[in-house]
There are 2 protein chains.
Amino acid sequence: MVDRVVPDVIVSRLPVYLRALQFMQMQAVTTTSSQDLGSKVNISAAQIRKDLSQFGEFGKQGTGYNVEALIAHLEKILQVEKVWDVAVIGMGDMGHALTRYGGFLNRGFRITDCFDNDPAKIGSQAGQYIIKDVADIGKGDCLRGKMVMLCVPAAAAQKIANKLVECGVKAILNYAPVHLSVPADVRVQYIDPVIGLQRMAYYLHEKNE
Amino acid sequence: MVDRVVPDVIVSRLPVYLRALQFMQMQAVTTTSSQDLGSKVNISAAQIRKDLSQFGEFGKQGTGYNVEALIAHLEKILQVEKVWDVAVIGMGDMGHALTRYGGFLNRGFRITDCFDNDPAKIGSQAGQYIIKDVADIGKGDCLRGKMVMLCVPAAAAQKIANKLVECGVKAILNYAPVHLSVPADVRVQYIDPVIGLQRMAYYLHEKNE
DNA sequence: ATAATATTGTGGAAATAATCACAAACTCGC
DNA sequence: GCGAGTTTGTGATTATTTCCACAATATTAT
């Protein structure tokens with residue numbers, strides 16, 4: 001394996017592999033194969049082997065992969081062996097739901113700060129967090145190096161994204177249903193349930209009602 | 001344009017175009033071009049034109065596209081000119097957040113039913129909905145032809161998915177952080193914030209703390 | 001009218017991604 | 001220790017996707 005840029009499409013599959021492997025681990029499975037893992041994530045065995053070969057040789061012929069070891073490798077590759085601090089911006093229903101979600105910590109993330117622009121919310125408690133003022137984002141470099149989950153209304157998203165970029169945020173998980181324009185060195189991942197539903201609606205044959 | 005199967009990758013971009021166009025419409029923009037739209041969704045102009053050419057000729061040389069007309073075409077193509085009934089299964093924080101989200105209706109969807117397995121929740125009111133018993137999903141064909149947003153814990157997701165498949169559900173928006181095994185004619189879209197965060201963590205250079 | 005400018009739709013080229021297929025290496029049972 | 005059965009990692013092939021470039025057509029300015 002020579003040192004070259006790994007295609008995005010491969011990187012994007014690694015978390016899926018990791019999730020499946022951790023699920024196996026929870027069920028006390030110690031060993032798997034590209035075949036087995038592939039059947040569990042609906043990806044061909046060859047594809048999985050090719051993907052992993054970008055980063056090293058983690059398997060053993062005849063046996064397959066040690067689940068725990070492969071998890072460790074993937075966590076290292078994805079840089080989630082340690083825990084990243086993440087801020088939530090916008091404490092509506094979605095922001096609140098995220099703060100109450102228990103699934104972050106054991107997968108490499110922890111929410112450290114919550115922000116909103118509503119004076120009624122600022123200073124109030126949301127679970128273990130005290131909601132801070134969005135206006136304070138610019139002050140200090142409280143967000144530098146952090147990742148952000150952006151849960152504000154569509155109309156406010158771009159403006160806040162600009163501010164985040166200024167503050168040195170390099171990764172935004174965007175729940176607002178709009179495209180964000182950011183510099184090339186800032187990553188954005190989009191979560192919009194309607195996009196998901198529309199992608200499926202195309203394939204449905206009968207309409208309801 | 002001849003009648004052929006449209007690649008998934010193209011279909012998956014159409015909702016993104018549609019969302020951007022509706023955003024333009026909201027701002028009273030009447031006309032756009034592949035160039036302009038492309039800059040707003042970070043996709044090349046040529047790509048957009050090629051994608052649209054799969055379905056017909058919607059633009060005018062020299063002018064570009066009429067926003068309203070292109071929206072109408074895309075809605076037709078995606079089958080979201082009318083409104084699909086969607087059920088929410090699992091009324092935890094995420095399920096509740098979805099029922100309170102106002103962004104579905106004008107994009108082709110409406111929540112009609114909510115289910116949970118917690119006796120304390122069944123029968124109670126959640127906004128305008130009365131929470132039904134998950135055990136009743138099998139009874140009647142209340143879900144036939146519907147789409148489902150699945151918001152149950154990971155451990156329960158596959159079991160419920162199986163039940164949904166039996167009931168004739170053909171589209172599942174899965175919020176549970178597990179892969180679902182379903183027949184080939186059932187579509188699944190995944191929403192897992194951690195997958196999104198991990199995909200970005202790979203590219204980050206400095207670790208926090 | 002004409003020239004300058006803008007934009008589409010698309011054939012073909014280039015780039016990227018997925019799949020195939022197999023030598024090499026390991027395990028297991030006897 | 002040997003043969004049958006597994007499984008990896010990868011070079012080569014095939015398939016898919018993206019990009020380029022341009023003729024055709026429309027708009028705008030003068």
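Throughout, protein chains are lettered first and strands after them, A, B, ... in sequence-line order, and every chain is numbered starting at 1. The figures that follow rest on heavy atoms only: side chains count, while hydrogens, waters and symmetry mates do not. Quick caveat: nothing in here was measured; it's all calculated off a predicted structure.
A donor-acceptor pair under 3.5 Å is formed between the side chain of A:D116 and the backbone N or O of A:M91. Between the side chain of B:D93 and the backbone N or O of B:A97 there is no donor-acceptor pair closer than 3.5 Å. Checking side-chain atoms of A:W84 against main-chain N and O of A:Q79 turns up a donor-acceptor pair under 3.5 Å. Counting only distance, with no hydrogens or angles, the side chain of B:N174 and the backbone of B:V178 share a donor-acceptor pair below 3.5 Å.
Side-chain contact between B:P7 and B:Q54 is present, with at least one heavy-atom pair separated by less than 4.5 Å. Proximity of B:L173 to B:V148: side-chain heavy atoms (C-beta onward) are nowhere separated by under 4.5 Å.
The CD1-P distance, from A:I48 to D:dT8, rounds to 9 Å in whole Å. For A:Y65 and D:dT7, the OH to C1' distance is 8 Å, given to the nearest whole Å. One atom, CD1 of A:I43, and another, P of C:dA18, lie 9 Å apart when rounded to the nearest Å. In this entry the distance linking CZ of B:F55 with P of C:dT8 reads 17 Å, nearest Å. In this entry the distance linking CD of B:E57 with P of C:dT8 reads 12 Å, nearest Å. Rounded to a whole Å, the CD atom of B:Q47 is 14 Å from the C1' atom of C:dA14. Taking atom CZ on B:F58 and atom C1' on C:dT7, their separation rounds to 17 Å, with Å as the unit. For the pair B:D51 CG and D:dC19 C1', the computed distance is 12 Å after rounding to whole Å.
Rounded to 10°, the angle separating the first-five-pair axis and the last-five-pair axis of the helix from C:dA1-D:dT30 to C:dC30-D:dG1 equals 30°.
Side-chain contact, A:Q158 with A:N162: a donor N or O sits under 3.5 Å from an acceptor N or O. For the residue pair A:D36/A:Y65, the side-chain donor-acceptor check at 3.5 Å is not satisfied. Side-chain polar atoms of B:Y203 and A:D8 form a donor-acceptor pair below 3.5 angstrom.
Only one option out of B:R107, B:Q22, B:K82 pairs with B:E75 in a side-chain hydrogen bond (donor to acceptor under 3.5 Å, both in side chains); it is B:Q22.
Residues from residues 66-76 of chain A placing a heavy atom under 4.0 Å of any atom in DNA chain C do not occur. A heavy atom lying under 4.0 Å from DNA chain D marks none of the residues of residues 26-40 of chain B.
In terms of phosphate contacts, A:S44 brings no side-chain nitrogen or oxygen within less than 4.0 Å of OP1 or OP2 of C:dA18. OP1 or OP2 of C:dA17 has not a single side-chain nitrogen or oxygen of A:R13 nearer than 4.0 Å.
Residue B:S53 places its side chain closer to C:dG9 than to any other of C:dG9, D:dG9, D:dT18.
Judged as a ring pair (Phe, Tyr, Trp, His ring centres under 6.0 Å), and not counting sequence neighbours, A:Y129 has no contacts. A:Y101 is linked by a ring pair (Phe, Tyr, Trp, His ring centres under 6.0 Å) to A:F104, counting only residues two or more places apart in sequence or in another chain.
Of all non-hydrogen atoms in A:D51 and A:I10, the two that sit nearest each other are OD1-CG1, 3.4 Å.
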Task: nucleotides 20-30 of chain D: protein proximity per nucleotide (B base, S sugar-phosphate only, - neither; heavy atom, under 4.0 Å) - done: BB--BBBS---
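Put simply, CD1 on B:I172 and OH on B:Y190 are 8.5 Å apart, with the number rounded to the nearest 0.5 Å.
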